[in-house]
Every structure is written in structure tokens, then in C-alpha cells.
Amino acid sequence: MSVVLNFKTQLHEIFTHALRDFAPDQLNATINIERTKQSSHGDYSCNLAMQLAKPMRKSPREIANGIIARMPQSGVVEKVEVAGAGFINVFITTVAKQSVVKGVLQSGNNYGCLQVGNGRKVGVEFVSANPTGPLHVGHGRGAAVGDCLCNVLKTAGWDVTREFYYNDAGAQIDNLTLSVQLRCKGITPDDPSWPESGYRGNYIIDVARSYMAKDRVESDDQHITGKGDVDDAEAIRHFAVAYLRREQDLDLQAFQVKFDVFSLESTLYTEGKVEETVNKLIASGHTYQQDDALWLRTTDFGDDKDRVMRKSDGGYTYFVPDVAYHLDKWRRGFERVINEQGSDHHSTITRVRAGLQALSAGIPKNWPDYVLHQMVTVLKNGEEVKISKRAGSYVTLRDLIDEVGCDATRYFLAARHPDSQLVFDIDLAKSQSNDNPVYYIQYAHARICTVLLQWGGNNAALLKAETEVLNSEYETKLLQCLIDFPQVIEVAAEELAPHLIAFYLKELAADFHSYYNATRFLVEDEKIKLARLALIAAIAQVLKNGLAILGVSAPEKM
RNA sequence: GUGCCCGUAGCUCAACCGGAUAGAGCACCAGCCUUCUAAGCUGGGGGUUGCUGGUUCGAUUCCAGUCGGGCACACCA
């Protein structure tokens with residue numbers, strides 16, 4: 001079904017044929033076929049003639065006409081025109097477009113699913129917040145973008161594993177442990193003995209209280225009972241980590257995000273993976289000893305300066321377990337790995353890749369991939385809220401979900417290009433929640449469901465609809481929009497840009513709302529009624545599929 | 001000072017990785033509910049794509065420079 005509807009692919013073949021006849025020596029030219037912006041330009045256009053103008057030393061229009069004359073017959077092509085500077089514009093037959101309706105209805109939840117991933121394994125690591133406090137808005141952006149990206153890749157045919165990596169040892173966890181211990185002893189951040197680097201947030205009190213009460217804590221990957229012993233720092237550390245992991249799990253659960261794998265930094269040490277990686281790096285000849293420290297010559301792989309691996313105090317710097325962790329990912333069979341992180345960590349990219357290259361383990365040069373999202377600034381009462389875990393002034397993800405709702409929060413955080421900075425105005429999101437674009441899309445879905453409910457017929461009857469009566473301007477536009485959906489998935493997966501789904505859905509919803517206002521569906525004429533209902537049922541299906549990718553619900557009434 | 005990201009309508013953002021007249025939403029103005037949900041629709045005003053050069057048939061997109069915002073530049077993570 002999708003083969004029939006993939007006009008772009010079909011046109012690509014047609015143009016390749018024509019080019020082979022017309023200019024066999026130009027076969028290496030890339031045939032670029034894109035959707036037109038104006039309907040007067042047809043449905044698809046090709047710029048091949050303009051590209052060939054220079055090498056062939058002929059006018060683009062002359063070339064265009066030559067190519068068109070050699071295009072093989074096709075049932076989907078209505079007509080072909082030369083326009084503008086030499087564009088070849090292709091018009092698709094209405095009958096071919098109309099077939100999308102039944103294609104969508106038959107495919108159902110699978111409409112939009114592609115084979116481009118071909119079942120290959122891809123590991124997507126995102127959020128990866130250390131268990132030192134609740135998740136904040138920045139993590140929320142990572143969660144929304146990462147989760148949507150996973151959904152996009154899965155739809156495109158990849159075998160996706162969602163992974164969360166966190167550090168349960170090291171300096172920050174030591175700070176956390178000490179902070180909880182002090183709270184257990186009743187010492188507050190006001191006290192002069194409170195360390196500068198201690199965590200001051202009130203949630204530390206909750207951790208301390210729970211530990212002293214010998215509570216049982218179960219997170220997605222940790223189970224522990226508080227010991228209640230103020231002097232046992234190890235017990236406090238384990239408890240605090242598990243407690244805050246559980247808090248994060250609750251945040252993620254409220255945000256509809258689930259992970260397949262949790263990886264702990266400490267495991268890399270206990271399983272000897274860090275040691276093994278260090279030994280391999282030393283054996284590679286890319287390390288040297290200087291100033292009592294062990295260095296990796298990352299400048300061999302494009303870094304601007306070399307990096308310390310083993311500090312003079314004998315401990316490893318953070319990027320060593322990072323390299324060990326990614327080697328582990330590679331060994332687990334992920335030929336592709338995507339790390340979604342805040343852009344403040346972008347400097348790790350070069351280091352991790354350099355470490356992996358130094359291992360000579362056959363890992364590709366630009367492995368893994370990274371998607372970095374820019375900072376989120378939060379406005380409340382017109383003022384910027386500074387996010388500081390240690391100071392305790394904080395906008396948590398849970399606050400946001402409680403105030404704005406899960407659907408709207410996810411949409412807001414995922415509907416923008418990750419590269420651009422994001423201002424999240426809480427008051428705006430709260431007070432104008434009805435104006436959120438997400439409701440606009442959901443409303444379109446709910447409206448269709450209501451119409452279908454009032455019709456009360458059997459959905460199987462829609463498959464027998466005679467779609468050739470769908471030829472109004474509104475209908476033609478909607479048909480093309482439905483046809484575009486798989487392509488949007490493909491591009492979003494290719495560019496790792498889940499926000500494209502959000503924009504597509506807004507457009508589809510807009511086209512539907514216009515259609516709704518201009519058209520009556522439950523009309524006397526049975527043939528017209530069935531065809532229109534089939535069309536809007538297909539629209540509802542695509543809206544639902546797209547919203548599912550965003551992780552947003554598709555309500556049947558609002 | 002060095003590297004990375006961003007700069008598009010008053011505001012928030014798109015633009016299918018070089019294409020045709022740069023598009024939506026919010027806000028503003030004027031209309032549309034005795035008909036399937038007005039959380040909607042129709043029309044209108046609003047732009048030197050930060051700035052200056054360059055590359056070519058063609059630049060918001062690529063290159064150089066420049067200005068502005070953000071992030072990163074540890075033997076922290």
C-alpha cells in the first residue's frame with residue numbers, strides 16, 4: 001500500500017529512466033524531488049534541468065523538455081510542465097491521491113510506519129540525570145525530545161532501546177550524602193558548619209526523614225530500606241540515591257516516559273570495565289605520564305588539548321567511565337547510538353569520540369551521534385527563575401506537569417528545534433492553556449470522533465466508500481497532507497528532528513478545521529457522505545498516530 | 001581570548017539539509033453559531049530573514065567578516 005503511495009520514490013525512478021535516455025553521461029547527477037509550495041506548480045517538482053544546465057551547456061528549459069519527452073508512462077502522473085527557470089513540475093492524478101484514504105484506514109495505527117531503519121538496533125540515551133534532586137525543566141526538555149525521537153525512530157523501522165545513565169558515585173554524590181547526613185543530625189543550611197557545596201533544597205529533609213524512619217524505597221532499578229543510622233555514610237548514600245531515583249521515576253511516569261535500561265556508573269568500576277578501558281588505552285600508545293597524572297592524547301583525534309585520565313590522587317576523571325560506557329554500548333550491538341543531552345555538555349563529544357577512536361575497536365569516527373538541546377529559561381511572574389539545585393530555588397518538571405498538564409508540557413518542550421533556546425513562560429502556559437496548539441490538534445481529533453459517533457455506522461463500511469467524489473479544493477489538499485505523513489516521519493528520523501511532527505500535525509489540523517467549517521459530512525447523499533466520512537476517519541487516524549509519536553493523548557471528546 | 005549553538009512579523013516559532021511570491025499561532029482590526037463541538041472558521045494590516053561582503057541561474061539556507069544572546073573551555077560531573 002505504502003509502495004503505491006510513495007510518489008516521490010516512483011517519480012525518482014521515472015526521472016532516472018528519462019535521464020538514462022536523455023543524458024547517459026549525467027547519471028551521477030542527484031535527482032532532487034520535492035513537494036511544491038503552490039498548487040499551481042503541481043504536486044512535486046524536480047530541479048534536475050537547472051542542475052544540468054552548466055555541465056551540458058544547454059538552457060535549462062531545453063533540457064527539461066528533453067527529459068519530459070523521455071519520461072515513461074505512469075498511472076499516477078496527470079501531466080508534467082516546465083515552469084520558471086526550468087523546474088519540472090509534476091501533477092499527480094486525483095485518483096492516485098484518493099487511494100490514500102483507504103490506505104490509511106487499512107493500515108490503521110501502522111500508517112506512517114517505514115522500513116528505513118530495517119530493524120537495526122539504535123540506542124538512545126537521554127535525561128541521564130544524576131540522582132541528586134528532582135528533575136527540572138531542562139531535564140524535561142531532554143525527556144520530551146528524547147522520547148519523541150525514540151518514537152520517531154521506532155516508527156521509521158528502527159529497533160529502539162531507551163537508556164538512562166547515571167552517576168551513583170563521585171563528588172556530587174558525596175555532597176548529597178553529606179547533606180542528607182547533616183539533615184539527619186538536624187543541621188540546617190543556615191548553620192555556619194553547612195558546607196558551601198552542600199545541597200540546600202528542602203527535598204533533602206524528606207530524604208533524611210525517610211532514612212531515619214527506615215522506609216522502604218523502590219525505584220525502577222533500586223530497592224533499599226533505610227537503616228536509620230546517622231553515622232553510616234555508605235547506608236545514607238545508597239538510600240539517598242535510591243530515594244531520589246524513585247522521585248525521578250515518579251516524575252518520568254507523570255511525563256509518560258519509560259526507559260528500557262538503566263546504567264550505573266559504579267557498575268563500570270565493579271565489573272572492571274573502566275580498568276579494562278584504561279589498559280586498552282595505555283596499550284594503544286595514545287597515553288603518557290606527566291605531572292603525576294596519566295593523560296590521553298586526545299589531540300591525536302581533533303581535540304584542542306590533551307585530557308587527564310587518571311588524576312594525581314589516583315582517581316579517574318569522569319570521561320574515562322564515559323568511554324568505557326560507550327565501548328560497552330558498542331559491544332552490546334548498537335551500530336547506532338544517539339545521545340540526547342543539554343548543550344552545556346557539548347565539550348564531552350570530542351573527548352568521548354577521541355577515547356573511542358584511540359581504542360581502535362573498529363568504531364566509526366563520528367560514533368555516537370548527539371542531539372543537543374539548548375537551555376530552557378523559565379519565566380514566572382514575568383521574572384526569570386534561576387535554576388539552582390544547591391540553592392533549592394527550582395522549577396521542577398512535576399510542578400510544570402501539575403500546572404500545565406502532561407500533554408501541553410510535552411508538546412511545548414518537543415515542538416521546537418532542539419538547537420534554539422526555549423523560554424517557558426509558566427504564567428502564559430497556565431493562563432492561556434486553552435490556546436495551546438496541542439488543544440488545537442486534539443480538538444480536530446475530537447471533532448471527527450463526534451461526527452463518526454453521530455453517524456453511528458460501521459467503520460468497515462468506510463472501506464467501501466467511493467473516494468472519487470473527493471475532489472474539492474479542501475479535499476485535495478487534505479489528501480496530499482495525508483500522503484505526506486510517512487515522508488515527514490522519514491525526514492524527522494533522518495534529521496533527528498522530532499519537532500517536525502508537531503508542525504505537520506498543526507498543519508493537518510488546520511486544514512481539517514477549514515474543511516469542517518466549509519463542509520457538512522452527514523448529508524443525504526449516501527455516496528458523498530461515506531466518502532467524506534472515510535476521509536475524516538483517515539485524518540483522525542493520522543492525527544492519532546502523530547500525537548502518539550509526540551506522546552500526547554488523542555481524546556475522543558473535549 | 002578559543003570552540004559550539006542561535007539571531008526570521010510587535011511576541012513565540014516554521015521553512016522538507018541551495019529553489020519559484022519567506023509561512024503559521026498569539027496579539028490587533030472586521031465578519032461567521034436555528035445545521036455534525038465557536039478550544040473553530042473567513043478576511044485584513046504587519047518583513048531590507050541582525051549587519052556587510054563573497055560563491056551562482058537562484059542564498060533565510062553555503063563561505064568570510066562583524067554585532068548581539070546562550071553554552072562550554074578543570075587533575076569537577
Side-chain angles (χ1 to χ4, degrees), chain A residues 8 32 34-38 40-41 45 47 50-51 53-54 59-60 83-87 89 130 132 167 169-173 197 265 290-295 304-305 307-319 321-322 342-350 372-375 377 412 415-423 425 428 432-444 446-455 484 487-488 490-492 494-495 497 499-500 502-504 506-507 509-510 512-523 532-533 536 557-558:
Chain A
K8 232 173 178 175
N32 219 332
E34 51 180 35
R35 290 271 293 113
T36 57
K37 285 171 188 164
Q38 280 182 62
S40 64
H41 294 150
S45 103
N47 64 357
M50 288 178 287
Q51 288 184 336
K54 197 171 201 179
S59 83
F87 292 101
N89 292 337
N130 286 341
T132 53
N167 185 346
Q172 295 305 322
I173 300 295
S197 56
E265 189 189 34
Q290 186 182 309
D291 302 331
D292 290 331
L294 179 67
W295 296 70
D304 53 356
K305 58 180 172 184
R307 306 291 168 175
V308 170
M309 290 170 58
R310 191 194 292 131
K311 296 180 279 184
S312 49
D313 68 5
Y316 293 110
T317 55
Y318 75 94
F319 97 93
D322 252 16
S343 65
D344 54 336
H345 290 93
H346 80 263
S347 59
T348 68
I349 298 176
T350 316
L372 302 179
H373 64 260
Q374 294 288 316
M375 294 290 106
T377 50
F412 260 80
R416 279 171 182 72
H417 193 113
D419 274 348
S420 52
Q421 289 161 236
L422 168 55
V423 177
D425 187 332
L428 190 76
Q432 303 195 347
S433 60
N434 282 353
D435 293 329
N436 274 328
V438 64
Y439 296 124
Y440 182 82
I441 298 165
Q442 289 178 321
Y443 187 47
R447 272 182 148 179
I448 295 172
C449 290
T450 303
V451 174
L452 291 173
L453 197 68
Q454 296 215 3
W455 168 57
D484 289 339
Q487 227 111 78
V488 173
E490 188 175 349
V491 174
E494 171 67 30
E495 296 185 11
H499 73 284
L500 294 174
F503 279 89
Y504 168 82
K506 220 161 78 176
E507 204 178 303
F512 167 73
H513 284 306
S514 293
Y515 182 48
Y516 180 95
N517 258 73
T519 319
R520 227 183 128 64
F521 307 117
L522 300 175
V523 292
R532 288 179 181 167
L533 289 174
I536 65 172
K557 58 178 155 188
M558 290 174 71

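As the structure is a prediction and not an experimental result, all values here were calculated from the model. Numbered from 1 within each chain, the chains take letters A, B, ... in sequence-line order.
One atom, OH of Tyr318(A), and another, P of rA72(B), lie 12 Å apart when rounded to the nearest Å. Atom OH in Tyr440(A) sits roughly 15 Å away from atom C1' in rU37(B) (whole-Å rounding). In this structure, Asp419(A) places its CG atom 14 Å from C1' of rA14(B), rounding to the nearest Å. The nearest whole Å value for the distance from the CD atom in Gln51(A) to the C1' atom in rU56(B) is 13 Å. The separation between Arg447(A) atom CZ and rU37(B) atom P is 9 Å, rounded to whole Å. Following rounding to the nearest Å, Gln442(A) (CD) and rA39(B) (P) show an atom-to-atom distance of 14 Å. Look at CG on Asn517(A): it is 7 Å from P on rA38(B), rounded to the nearest Å. In this structure, NZ of Lys37(A) is placed 13 Å from P of rG18(B), rounded to the nearest angstrom.
The nucleotide whose nearest atom lies closest to any side-chain atom of Ser420(A) is, among rA14(B), rC36(B), rA20(B), rA14(B). Distance from the side chain of Ala293(A) is smallest for rC75(B) among the nucleotides rG69(B), rC75(B), rC73(B). Which of rA15(B), rA39(B), rG19(B) sits closest to the side chain of Met558(A) comes down to rA39(B). Side-chain proximity of Tyr443(A) to the nucleotides rU37(B), rA20(B), rC76(B) is greatest for rU37(B). For Asn47(A), the listed nucleotide lying nearest its side chain is rG19(B); candidates were rU37(B), rC16(B), rG19(B). Closest to the side chain of Tyr516(A), from the set rC41(B), rA38(B), rA39(B), is rA38(B). Candidate nucleotides rC36(B), rC41(B), rC75(B) were compared by shortest atom distance to the side chain of His513(A), and rC41(B) ranks first. Set against rC76(B), rC36(B), rA15(B), the side chain of Arg520(A) has rC36(B) as its closest nucleotide. The side chain of Val491(A) approaches rC16(B) more closely than any other nucleotide in the set rU35(B), rC16(B), rA20(B). Counting only heavy atoms from C-beta on, Ser45(A) has its side chain closest to rA20(B) among rA20(B), rC36(B), rC71(B).
A donor-acceptor pair under 3.5 Å is absent between the side-chain atoms of Trp455(A) and the main chain of Leu533(A), judged by distance alone. A donor-acceptor pair under 3.5 Å is absent between the side-chain atoms of His373(A) and the main chain of Leu422(A), judged by distance alone. Within the 3.5 Å criterion, the main-chain N or O of Val308(A) finds a donor-acceptor partner in the side chain of Thr317(A).
Figure legend: cation-pi geometry between Arg307(A) and Phe319(A) absent, as NZ or CZ is not positioned both under 6.0 Å from the six-membered ring centre and within 45° of its axis.
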Dot-bracket, 5' to 3', for RNA chain B please: Watson-Crick or G-U pairs under 3.5 Å, [ ] where pairs cross earlier ones, | where the partner sits on another strand, dots elsewhere. (((((((..((((.....[...)))).(((((.......))))).....(((((..]....))))))))))))....
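A donor and an acceptor atom never sit less than 3.5 Å apart when one is taken from the side chain of Glu34(A) and the other from the base of rG19(B). Between the side chain of Ser514(A) and the base of rC41(B), no donor-acceptor pair of N or O atoms lies under 3.5 Å. The base of rA20(B) is not paired with the side chain of Thr36(A) by any donor and acceptor separated by under 3.5 Å.
His345(A) comes within 4.0 angstrom of a nucleotide base, judged by non-hydrogen atoms across all strands. Thr519(A) comes within contact range of at least one nucleobase, with a heavy-atom separation under 4.0 Å. Looking at heavy-atom distances under 4.0 Å, Gln454(A) makes contact with sugar-phosphate atoms alone, never a base. Counting non-hydrogen atoms under 4.0 angstrom, Ser347(A) reaches the backbone sugars and phosphates but no base. Note on Arg416(A): only backbone sugar-phosphate atoms sit closer than 4.0 angstrom, heavy atoms only; bases stay farther off. Nucleic acid contact for Leu294(A): none, since no nucleic acid atom lies under 4.0 Å from a heavy atom of the residue. Residue Asp291(A) is classed as a base contact, given a heavy-atom separation below 4.0 Å to a base. In this structure, Lys557(A) reaches the bases: a heavy-atom distance under 4.0 Å links it to at least one base atom across the strands shown.
Nucleotides rA72(B) and rU66(B) place their P atoms 24 Å apart, quoted to the nearest Å. With both ends at atom C1', the span from rU49(B) to rA59(B) equals 11 Å, rounded to whole Å. Taking atom P on both nucleotides, rG58(B) is separated from rU21(B) by 13 Å, rounded to a whole Å. With both ends at atom C1', the span from rU12(B) to rA27(B) equals 11 Å, rounded to whole Å.
By the stacking rule of 5.5 Å between ring centres and under 30° between planes, Phe503(A) does not stack on the base of rA14(B). The aromatic ring of His41(A) is stacked on the base of rA20(B), with the two ring centres less than 5.5 Å apart and the planes inclined by under 30°.
Classification of the His499(A)-His417(A) ring pair by plane angle, with boundaries at 30° and 60°, yields tilted.
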Stepwise side chain to side chain contact (heavy atoms under 4.5 Å, CB included) test for Gln421(A) and Thr377(A): CA-CA 8 Å; Gln421(A) 289 161 236; Thr377(A) 50; 5.9 Å; no
Would you sort out whether Tyr516(A) and Ile536(A) count as a side chain to side chain contact (heavy atoms under 4.5 Å, CB included), showing the intermediate values? CA-CA 9 Å; Tyr516(A) 180 95; Ile536(A) 65 172; over 6 Å; no
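In this structure, Val423(A) and Glu495(A) both approach RNA chain B, and ranking their closest nucleotides by distance from the 5' end singles out Val423(A). In this structure, Leu452(A) and Lys311(A) both approach RNA chain B, and ranking their closest nucleotides by distance from the 5' end singles out Leu452(A).
Taking CG from Leu500(A) and CD from Glu494(A), the interatomic distance works out to 11.5 Å, rounded to the nearest 0.5 Å. Note: Ile448(A) CD1 to Phe521(A) CZ = 7.5 Å, rounded to the nearest 0.5 Å. Atom CE of residue Met558(A) and atom OH of residue Tyr443(A) lie 8.5 Å apart, to the nearest 0.5 angstrom.
Annotated as syn: rC33(B), whose glycosidic dihedral is within 90° of 0.
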I'd like a table of atom pairs between the protein and nucleotides 2-4 of chain B - only N or O on both sides, under 3.5 Å - with the distance next to each one.
residue	atom	partner	partner atom	Å
rG3(B)	N2	His346(A)	NE2	3.0

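Contact between the side-chain N/O atoms of His499(A) and the OP1/OP2 oxygens of rC16(B) is not found at any separation under 4.0 Å.
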